[in-house]
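One structure is given below, encoded as structure tokens.
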Amino acid sequence: MKALYITNTLTRQKELFKPVNPGHVGMYVCGPTVYGDAHLGHARPGVTYDVLQKLFRHLGYKVRYVRNITDVGHLEHDADEGEDKIAKKARLEQLEPMEVVQTYTLRYHEAMRMLNVAPPSIEPRASGHIVEQIEAVKKILEAGYAYESNGSIYFDVQKYNADHKYGILSGRSLDDTLEGTRALDGQDDKRAPYDFAVWKKAEPQHIMRWPSPWGEGFPGWHLECSVMGEKYLGHEFDIHGGGMDLMFPHHECEIAQNVATRGTQGVHYWVHNNMITINGQKMGKSLGNFITLPELFSGNHPKLEQAYSPMTIRFFILQAHYRGTLDFSNEALQAAEKGLRRVMQAAKDLYTLAGAKAPQLAYGEYSDSVAPDSCPATNADVKKIWEGVYDALCDDMNTPIALSHIFDAVRIINTAKEKKLTLSKGDWDTLVQLFNDIVFGVFGLKDEGSESGKAMKTIDGLMQMVLEERAAAKAAKDWATSDKIRDALKALGISVKDGKDGAEWTLD
RNA sequence: GGUGCUUUGGCCGAGAGGUUAGGCACAGGUCUGCAAAACCUGCUAGAGCGGUUCAAUUCCGCUAGGCACCUCCA
């Protein structure tokens with residue numbers, strides 16, 4: 001099994017990945033709060049951790065991937081009038097909160113499906129784990145790290161900090177935290193500004209509420225991930241992922257809660273993806289500069305010059321390292337679109353030239369192909385590509401470098417197609433394996449142009465007829481007719497390219 | 001104000017103390033009835049000022065700009 005190195009935010013260093021249980025990976029990722037459509041920013045962790053779990057599987061691990069749905073909590077203000085984001089939206093639209101949750105959960109699933117982000121092994125909801133969260137609050141109280149105040153329970157950060165250290169993940173001291181804390185209204189219930197709620201009393205107008213030993217209320221913002229992570233992955237598990245913006249306070253609080261409830265930090269590797277920016281600024285709800293995924297897919301947004309397909313978005317994300325920011329622009333997405341098209345065309349040619357079949361995996365299905373320890377090919381260039389791809393992926397999941405090697409493979413395939421290069425059977429097999437396992441497997445790309453289905457088969461048959469007519473015209477040097485056919489097809493969105501062995505066609 | 005990150009060629013984006021990132025765009029060429037595609041070649045950058053070093057875009061310091069978190073946020 002190949003060794004994988006991954007950057008652990010806890011140490012800020014690339015560390016050799018060592019699983020808690022040999023051969024198994026437990027992975028928890030913070031999912032969305034379902035009160036609106038997912039935007040481009042949400043696509044990043046979706047794709048990033050999808051690739052990571054697929055990489056783990058390809059390296060031979062069994063993976064349990066937990067990604068939650070936040071459908072409760074998350075106060076809009078850290079204040080007494082604190083109204084659940086979901087509850088607020090529900091009131092505006094005169095809907096049941098769970099109706100909003102259901103709508104946007106389904107829409108989120110659909111967006112992820114289009115991005116070919118596999119469904120997680122378990123997708124727990126905060127609202128389905130109220131009992132467990134109440135138990136966790138009790139444990140924190142018993143441990144002496146929380147206090148009750150006016151029906152709410154707050155985590156006593158100062159007390160915790162005295163026994164353990166608060167701020168180990170974000171690298172800030174309690175003083176730093178205090179320094180930046182602004183005077184917010186309605187913090188009277190708290191002993192200190194940096195204390196955070198683990199259980200919040202529900203005001204009369206608050207819709208989402210559950211009975212508890214401390215009255216009616218709802219769980220605090222950070223509790224669900226601690227509780228559900230432990231429930232499904234155990235006291236200690238391997239990977240916890242999420243956006244960098246969640247590092248503080250969300251993940252910091254999670255660690256504190258974990259220590260308070262189970263006596264251990266619980267997570268071995270904290271992995272954080274960076275943000276997607278627009279004009280150099282973070283794309284986010286509060287800034288109002290976000291573009292939702294349905295808008296991207298349809299092109300229906302003033303900032304968009306055109307629609308971008310889900311795979312273009314996926315490729316765009318893959319072309320940057322997950323820990324760096326990635327700037328949105330029409331130019332960048334158009335570049336990604338063309339780059340992707342080039343890879344997909346080469347893939348098609350590869351399967352034809354190698355006499356192999358493209359992988360046919362249903363959505364959410366995984367290949368059981370495991371990466372061999374050494375390259376099976378003999379051709380020096382192919383070998384270099386193969387090794388480059390795996391070295392890059394095992395070095396903190398460096399997808400841009402891995403992709404650059406894939407482009408080298410594209411060049412080799414194209415050269416071979418022009419019969420300027422001859423490859424051995426073993427070399428072809430290696431390239432096929434690389435595309436199967438990495439391009440389609442780990443990267444999770446798919447060819448959007450070749451939708452199979454009855455209609456497509458009909459079109460294909462039709463096109464063969466049309467192209468035969470055109471070939472006949474060409475043979476008779478009737479350029480007017482052959483060009484007329486090509487122009488007419490172009491107008492319909494079908495490109496015809498004349499090759500050495502006859503014409504090819506593609507849908508634009 | 002506190003903490004941390006960042007500044008790369010026309011654009012997006014990597015790695016590495018000395019050796020080609022890659023993609024897109026652009027220019028020239030090959031092929032082709034033409035076109036497209038493909039292939040070849042070119043474009044060789046790293047905010048500014050200092051320092052370390054035989055050698056720095058890569059390490060260190062300062063200056064300037066940008067960003068993120070500190071409040072819900074992927």
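By convention in this document, chain letters (A, B, ...) are assigned in the order of the sequence lines, proteins followed by strands, and residues within each chain are numbered from 1. Values below: all heavy atoms of this structure, side chains included; hydrogens, waters and symmetry mates excluded.
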Study note, to complete from the structure: Nearest-nucleotide check on RNA chain B, A/Lys477 vs A/His405; residue mapping nearer the 5' end is A/His405
Practice item. Using a 4.0 Å heavy-atom cut-off across all strands, classify A/Glu418 as base, sugar-phosphate, or nothing. Key: base
Point to revise | Strand RNA chain B in bracket notation, Watson-Crick/G-U under 3.5 Å with | for pairs to another chain | key: (((((((..(((.....[...))).(((((.......)))))....(((((..]....))))))))))))....
Review point. Nearest to the side chain of A/Ile401, which nucleotide is it out of B/C12, B/A38, B/A21?
Key: B/A21
Practice item. Taking atom C1' in both B/G46 and B/U32, compute the distance separating them and give it to the nearest angstrom. Key: 41 Å
Practice item. Considering just the side-chain nitrogens and oxygens of A/Asn414, establish if one lies under 4.0 Å of OP1 or OP2 belonging to B/C39. Key: yes
Check your understanding: Does the gap between the ring centers of A/Phe328 and A/His39 come in under 6.0 Å?
Key -> no
Review point. If you check the A/Trp479 side chain, which of B/C72, B/C39, B/G33 turns out closest?
Key: B/G33
Review point. Which of residues 381-400 of chain A sit near RNA chain B, with a heavy atom under 4.0 Å from it?
Key: A/Asn398, A/Pro400
Review point. Are A/Phe407 and the base of B/G23 stacked, counting only ring centres nearer than 5.5 Å and planes tilted under 30°?
Key: no
Might you list the N or O atoms of the protein lying below 3.5 Å from N or O atoms in nucleotides 67-69 of chain B, with each pair's distance?
residue	atom	partner	partner atom	Å
B/A68	OP1	A/Lys282	N	3.3
B/C69	OP1	A/Lys282	NZ	2.4
B/C69	O2'	A/Arg172	NH2	3.2
B/C69	O2	A/Arg172	NH2	3.4

**Study point:** Between A/Asp327 and A/Thr277: side-chain donor-acceptor atoms closer than 3.5 Å
**Key:** yes
Review point. Are any of A/Arg12's side-chain N or O atoms less than 4.0 Å away from OP1 or OP2 of B/U3?
Key: no
Check your understanding: Residues from residues 48-56 of chain A sitting under 4.0 Å of RNA chain B, heavy atoms only?
Key -> none
Point to revise | Residue-phosphate contact under 4.0 Å: A/Arg341 side-chain N/O, B/G23 OP1/OP2 | key: no
Between the protein and nucleotides 44-48 of chain B, which nitrogen or oxygen pairs are less than 3.5 angstrom apart?
none

Revision key, fill the gap. A/Asp327 has its side chain closest, among B/G13, B/A74, B/C24, to B/G13
Check your understanding: Any idea how A/His240 and A/His251 line up, ring-wise: parallel (<30°), tilted (30 to 60°), or perpendicular (>60°)?
Key -> perpendicular
For nucleotides 34-36 of chain B, list the nitrogen or oxygen atoms of the protein found under 3.5 Å from its nitrogen or oxygen atoms, one pair per line.
residue	atom	partner	partner atom	Å
B/C34	O2	A/Arg486	NH2	2.8
B/C34	N3	A/Arg486	NH1	3.0
B/C34	N3	A/Arg486	NH2	3.4
B/C34	N4	A/Asp498	OD2	2.9
B/A35	N6	A/Asp498	O	3.4
B/A35	N1	A/Asp498	N	3.3
B/A35	N3	A/Arg486	NH1	2.9
B/A36	N1	A/Asp498	O	3.2

Study note, to complete from the structure: For A/Thr7, the side-chain contact (heavy atoms from CB on, under 4.5 Å) test, sequence neighbours excluded, returns A/Lys14, A/Tyr322, A/Arg323, A/Asp396
Exercise for review: Consider the side chain of A/Ile276, meaning its heavy atoms from C-beta on, and name the nucleotide among B/A74, B/C11, B/G15 that approaches it most closely.
Suggested key: B/A74
Review point. Are any of A/Ser286's side-chain N or O atoms less than 4.0 Å away from OP1 or OP2 of B/U71?
Key: no
Check your understanding: Got a sec, which residues hit salt bridge (Lys or Arg N to Asp or Glu O under 4.0 Å) with A/Arg44, two or more places apart in sequence or on another chain?
Key -> none
Practice item. Give A/His321 one of three labels, base, sugar-phosphate or nothing, depending on what nucleic acid heavy atoms sit under 4.0 Å from its own. Key: sugar-phosphate
Practice item. Check every atom of B/A21, B/C12, B/G23 against the side chain of A/Phe316 and return the nucleotide holding the closest atom. Key: B/C12
Practice item. Taking atom P in both B/G42 and B/G23, compute the distance separating them and give it to the nearest angstrom. Key: 14 Å
Check your understanding: Checking ring-ring contact (aromatic ring centres under 6.0 Å, His included) against A/His222, which of A/Phe196, A/Phe248, A/Phe155 comes through?
Key -> A/Phe196
Point to revise | Nearest listed nucleotide, side chain of A/Leu326, among B/C39, B/G22, B/G13 | key: B/G13
Exercise for review: Please state whether the phosphate of B/C39, meaning OP1 or OP2, lies under 4.0 angstrom from any side-chain nitrogen or oxygen of A/Arg342.
Suggested key: yes
Check your understanding: Roughly how far apart are A/Ile69 CD1 and A/Glu224 CD, rounded to 0.5 Å?
Key -> 10.0 Å
Exercise for review: Using the ring-ring contact (aromatic ring centres under 6.0 Å, His included) rule, collect all pairs that involve residues 382-403 of chain A, keeping only residues at least two apart or in two chains.
Suggested key: A/His58-A/Tyr390, A/Trp386-A/Tyr390
Exercise for review: Between A/Lys338 and A/Arg44, name the one whose nearest nucleotide on RNA chain B is closer to the 5' end.
Suggested key: A/Lys338
Point to revise | Minimum-distance nucleotide to A/Met283 side chain [options: B/C12, B/C24, B/A74] | key: B/A74
**Study point:** Nearest heavy-atom neighbours spanning A/Arg67 and A/Val117
**Key:** NH1-CG1, 3.8 Å
**Study point:** Atom of A/Ser482, atom of A/Ala473 and distance for their closest heavy-atom approach
**Key:** N-CB, 4.2 Å
Point to revise | With A/Asp460 via side-chain contact (heavy atoms from CB on, under 4.5 Å) - residues at least two apart | key: A/Gln464, A/Trp505
Check your understanding: Excluding sequence neighbours, so at least two apart, what forms salt bridge (Lys or Arg N to Asp or Glu O under 4.0 Å) with A/Glu504?
Key -> A/Lys417
Review point. Who passes side-chain contact (heavy atoms from CB on, under 4.5 Å) against A/Lys497, sequence neighbours left out?
Key: A/Thr506
Review point. What form does the base of B/G9 take, syn (within 90° of 0) or anti?
Key: anti
